[in-house]
Structures are given as structure tokens and as C-alpha cells.
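Take a look at the structure set out below.
Atoms within each ligand, like the ligands themselves, are counted from 1 in listed order.
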Amino acid sequence: MWLAAAVPSLARRLLLLGSPPPPLLLLLSRSSSRRRRLHSLGLAAMPEKRPFERLPTEVSPINYSLCLKPDLLDFTFEGKLEAAAQVRQATNQIVMNCADIDIITASYAPEGDEEIHATGFNYQNEDEKVTLSFPSTLQTGTGTLKIDFVGELNDKMKGFYRSRYTTPAGEVRYAAVTQFEATDARRAFPCWDEPAIKATFDISLVVPKDRVALSNMNVIDRKPYPDDENLVEVKFARTPVMSTYLVAFVVGEYDFVETRSKDGVCVRVYTPVGKAEQGKFALEVAAKTLPFYKDYFNVPYPLPKIDLIAIADFAAGAMENWGLVTYRETALLIDPKNSCSSSRQWVALVVGHELAHQWFGNLVTMEWWTHLWLNEGFASWIEYLCVDHCFPEYDIWTQFVSADYTRAQELDALDNSHPIEVSVGHPSEVDEIFDAISYSKGASVIRMLHDYIGDKDFKKGMNMYLTKFQQKNAATEDLWESLESASGKPIAAVMNTWTKQMGFPLIYVEAEQVEDDRVLKLSQKKFCASGPYVGEDCPQWMVPITISTSEDPNQAKLKILMDKPEMSVVLKNVKPDQWVKLNLGTVGFYRTQYSSAMLESLLPGIRDLSLPPVDRLGLQNDLFSLLHKQADMQEEKNRIERVLGATLSPELIQKVLTFALSMSAAPLCGQCAH
Ligand code: BES
Ligand code: ZN
């Protein structure tokens, strides 16, 4: 089961390319991550850091009242913004973010006082900012900032952009859609475009009356547009307090399927016209997922509706806009007749991921982009927890190990890796850190943390964090603090060793039988793909380690926190013929190197398959990586090969070969080349 699940897309891709089938070992050890990441390791082409200053804090928004009128034929839009703002410190200028937008007029009216017209708009294009200058001082207090502006519905798949589609009759048309994360809301309207500057939004769209218009909230009014009988003005309910990068609107032609989730949320999946059938699977996933998160976080979903929509031209895989989640078509649509089960699993994971952000990210938002890894790492872990709950038959955690975990270890063993947490200054650096380290290593260390804390206390800590910071912003340390007080364990100290330094440890272990007990000697060193770590001051990690024995291969006999370079542990009552293994479930983010005797003793557990599949997968990965490094030590190499050989029983080898051969003849499901 697990082997088959890990193999398909790599085999298919290679066979498609006409390459000969890869060596069996490679097939088995290299699972393919199906995610599209902008970069696999972001640091390779790092441009020089640009000086950067956050927006001044003298004036901040309370509510944006925003009306946009896109023109789907000449690809422009007109906008009117009326922002309720607070002047905290008297000033005669307002600095906001703004990019590729022309401001026509701007004024500020202090509450109960006369409007003051801005006399200058100074665009700082490099910094994507505009400074509005006023002829007199804006005094402290509240007021209304009015800005009329125009922009282009661009073709860059960011900001407010046009997406091309073909109608069932074959006519080419355009939809207007948004993608604002990380810093592109400023391309749709002048705003304070930083995650910590939250406000509410009243959004209206003026659109052709035969088009669907969607935004974060439900429609509260729809009326004819006075100047043009072909247009209507659609008004949406006020949003909760939120960050600009989560605002979204879509104008286009779509069909939908809908349901109400058990917890009373109206869920719709919007599809291209004529393809509503293909939205049914995602609808089922979303309707199961919402109550799961409500229960897990013990916090209800705060909006009355959620829409999931497939967008024809979409740069990312999906985007968690609050209440209006956008997806590329292959991440949302399932053709009930032709899609294969790995496509379903992918859709379930993406839906699980984006809906997790509705709480973790949208309700509680990172204070700055430095904490983005937490947002993405957390969602990339909990999507599996959610899919495992909703579809236990998928055995999805095995896929996590074969996709995210092994990939993260491969990359993080390289000298040019980077810590999960990198400080971000200029927003142009943000895209570089959306890589496999923030997603896959981030998810892996959170999985290890969850296992170390235990589900009950982890849930308790999550609830404390989400309740304490709801509608606000938080930093990584804030989550550690909540989890620490829920569990009584040293979470910040443990996690800092995993997030603030790159790499991970190799745990060397040897055992000695002392009467009825087994005494293990453990030591840790940084694992490097290039060979043994040679520098002085080897980095150290605080490693949660689990140990199982052949008495019960599915249960940890002992759990310890390795907080030193070396330590001994005593396993009580382990008979001489029993095997002992580290890292139950391949949950710890480390590799294990066993002494020759310990490794040999694992053979029976591998041969009789009593060692669980994910443990065998982890063992096989570790051995494979060590095999490269031990190439000069023939005896050890032979031993590793024997054990590796055993992880691939003849029966499994036959299965894989049959599968690989069958693939060369099988037709492809169009969705599989994610
Ligand atoms: N927030 C991201 C989307 C994003 C990534 C926007 C980079 C801007 C820049 C979203 O939650 C996400 O992680 N999407 C993934 C798919 C997901 C299932 C892992 C993606 O787009 O690859
Ligand atoms: Zn995400």
C-alpha cells in the first residue's frame, strides 16, 4: 500500500520522458513531492538586501470602504476608497503602500470638520509607497480619507489581474481575480499593506449584471448601477478585522455546487461553467474539514460562508483569502469519471491546508513575514492531520514521510540550506522564503513537536493561542509560550534549536545488554550530505527521541528528550533476543546510525514485516543516505546493503516492477503532473 502510493508520479514522469525505469532503490527512496514551490532552496540566487522601512504609524486604518469597477474589455479598473482612519500623531502627510495605481484625487476629512484636499502625491515606486501631502496639519483623532484612483487589470497573476478562459461555446473571455499575498493588495487599492495593520472592509463591486461577483463576505445588497443599465453594484457584508493580504474579489462566469456544513457554514465550490460536477469532491472535503477544525481548535469558523473557487490562471497552488479561497484548477476539481486517487488525495490536502489558514493565519496573523514559516509549516502539517481524520483509508501520513519529511531532510543536509526562521526585511525577500524548508521542514518539526507534547495538550495550547490572539497578530514565540503553558514542557528551548539553525542531527546509537536491561549510548552530530561534520563547535539540538522494541513495534517503550551531545538510557526488561529501534513512526527530524550489532538485530523485524511500514521507510532512507557516506568502509557497506535489501522483500520488488511496467502502457490521468 505505502510503496504503491509513493511511487506513481515519479515513475510516470520518468516513463513519460522516455527514460528507462530508474534503479529500484531510487524509486523506493525518492518519493516525489507534488507541490509546486517557487524555489526548492530559496537562498541560491539571493539578491542583495535592500534597505527597508515599515510604514510610519502616525495614521492607521480602522475601516476600508472600497468600491471597484473593473472593465473586463479594456482591462482597467476604477476605484473609490473611503477609509475611516485614526491620526495618532499630528502630521501633514499620509504614507501608504501603492503600486501601479494612479491616484486622481485624495482628501482627508477630520470627523465633524471640513475636507482637506491633498496637494501632492509623491510616489516612491521602488518602495511601492505613496506620500499624500496636505496643506494643513491633520490633528489627532478620527477622520475619513477619500481616494479616487485607476489601475490596470494586469496579466501578471498578482494584485487585481485578468484571467483568460474559454466559454463552452469556444469564446475567449476574461475574469477579474485577485492574488494579494504577500504584498500585492497595494496593486488593487492604496492601503497599509502590512500583515499587522488590520482593519475591517466594506467591499462593493460594480460588474456586468450577467457575471458572478464574489468577495470575502456574503452579499448584502445588489442594485442596478445608475449610469449603466448593463451593470449592477454588489455590496458585501463587513469583514472581521483582517490583514490586507487576505482580501479578495472575483468577477467572472462560474457554476457552483453548495452545501451547509454540520456547524452551519454555507460552503460553495465554484467551477468553470458546465463543470459543477467536478466541484463535488472538494465540497465534500470542505464540509468535513470545517467541523474538524472547529473541534480541534475549539473556536468556530467566524464567517457565515466560505467559497472555494477554481481560477484558470493562478500562480500559486492555492490561496487562503478569508472566506474566498482561490485554487488553481488542478488543486480543486475532480472529474468523477477520470481522476485517479492520488488527485483526490492532493485536492483533499490542499483544501485541508487552506481551510486551516482560516484560523491559523487569518484569525491570528503573523506579526511580520519573518513568521511566515510558522503559518505555512503549521498548515502543511495539520492538512495531513485533517485528511487522516476525514479519509483514514488514504493512510496519508505515510505520504507525508515519503514526500515532505524525506525531501526536507535531503535539502537540509546540504551546506547551502538555511534555518527555517529567517528574518525578513524588505517584502521582496518574502517570495524567497516560500521554499521546501519553510513548508516541509516546518511541517516536519511541528509534527515532531505535536508528538512530543501529545495531542491533548497540543490542542489545549492551540486553543489558548488562537483565543488570546484572535483578530490580532502573533510571533512564533507566542505559540511556543501557549504550548509551553499547556504542556509544562520546555517548548521554546526545544524549538529554537530546530528553527533558528539549519540542518539536523545524526544520532549514533549502540547498545549493551546488562542483565535484564538494555543500555543505550546515544550521541549526536550534525548530519551533512557531504561527509562527516568536521568543524569545531558542532551545532546541537534538543531532540525528542522515542524508542520501541520487538515486544511492541507500534508503541514507544521509552520517550526521552536528548538535550546533550551524549547520553545513556536504560531500557528495563529487554531480553537479549529483542531488537531495539529509535524514531517510532519516523516522526523525529533526525537520522539514526546504529552500531553494527543493533543494525543486524533489526533484520528479523524487517523480514517478517513486524516493523511498521513508516519505520521501514525511515530506516531505509537513513541507510541509503549513510551508504553514500560509508562508501569506503566495505564491511559496513555490505551490512547496510543486506539490511536495505531486506527492506525490499522479493514480493515488494515484484510489485514495484509490475507496477512500473504497467505504467508504460497505462493512459495518464491529466491531473497527475501536478
Ligand atoms: N499562502 C499560500 C499561498 C502563497 C504562497 C501565496 C506563496 C503567495 C506566495 C498558501 O496557503 C499555500 O501554501 N499554497 C500552496 C499549496 C498548499 C497546499 C501547500 C502553494 O501554493 O503551493
Ligand atoms: Zn499555506
With the threshold set at 4.0 Å, does a side-chain nitrogen-carboxylate oxygen contact exist between [X] and [Y]?
X    : Y    : answer
D307 : K305 : yes
K262 : D295 : no
E128 : R187 : yes

[X], any N or O under 3.5 Å of ligand 1 N or O:
X    : answer
E383 : no
W346 : no
S380 : no
A182 : no

For [X] and [Y], indicate whether the former's side chain and the latter's backbone hold a donor-acceptor pair under 3.5 Å.
X    : Y    : value
S417 : L414 : no
R328 : A316 : yes
N125 : A99  : no

Checklist line | Test ring pair (Phe, Tyr, Trp, His ring centres under 6.0 Å) applied to W359 - qualifying residues, sequence neighbours left out | finding: Y293, F297, Y301
Margin query: Which residues pass the ring pair (Phe, Tyr, Trp, His ring centres under 6.0 Å) test with F160, not counting sequence neighbours?
Written below: F77, F249
Item checked: Best match, Y245, F314, Y439: closest heavy atom to atom 13 (O) of ligand 1 -> Y439
Check: If you measure from atom 10 (C) of ligand 1 to every heavy atom of A318, A316, S438, which option wins on shortest distance?
Finding: A318
Margin query: I'd like to know: is the Zn ion (ligand 2) within the 2.8 Å range of an N/O/S atom from E320, strictly under that distance?
Written below: no
Next item on the list: Could you tell me if any non-hydrogen atom of Q179 lies under 4.0 Å from any atom of ligand 1?
Entry: yes
Which of the atoms in ligand 1, numbered in the order shown and given with their element, are less than 4.0 Å from a heavy-atom of [X]?
X    : value
V350 : 18 (C)
H357 : 11 (O)
G317 : 20 (C), 21 (O), 22 (O)
E354 : 10 (C), 11 (O), 12 (C), 14 (N), 16 (C), 17 (C)

Next item on the list: Looking at H353, pick out the N, O or S atom nearest to the Zn ion (ligand 2) and give its name.
Entry: NE2
Next item on the list: Could you check which N/O/S atom of E376 is closest to the Zn ion (ligand 2)?
Entry: OE1
Next item on the list: Tell me which part of E320 gets within contact of ligand 1: side chain, backbone, both or neither, using heavy atoms under 4.0 Å.
Entry: side chain
Margin query: Do F52 and D127 make a side-chain contact, defined as non-hydrogen atoms from C-beta onward lying under 4.5 Å apart?
Written below: no
Note to self: Is there a side-chain contact between Y465 and D478 in this structure, where contact means two heavy atoms from C-beta onward sitting under 4.5 Å apart?
What the structure shows: yes
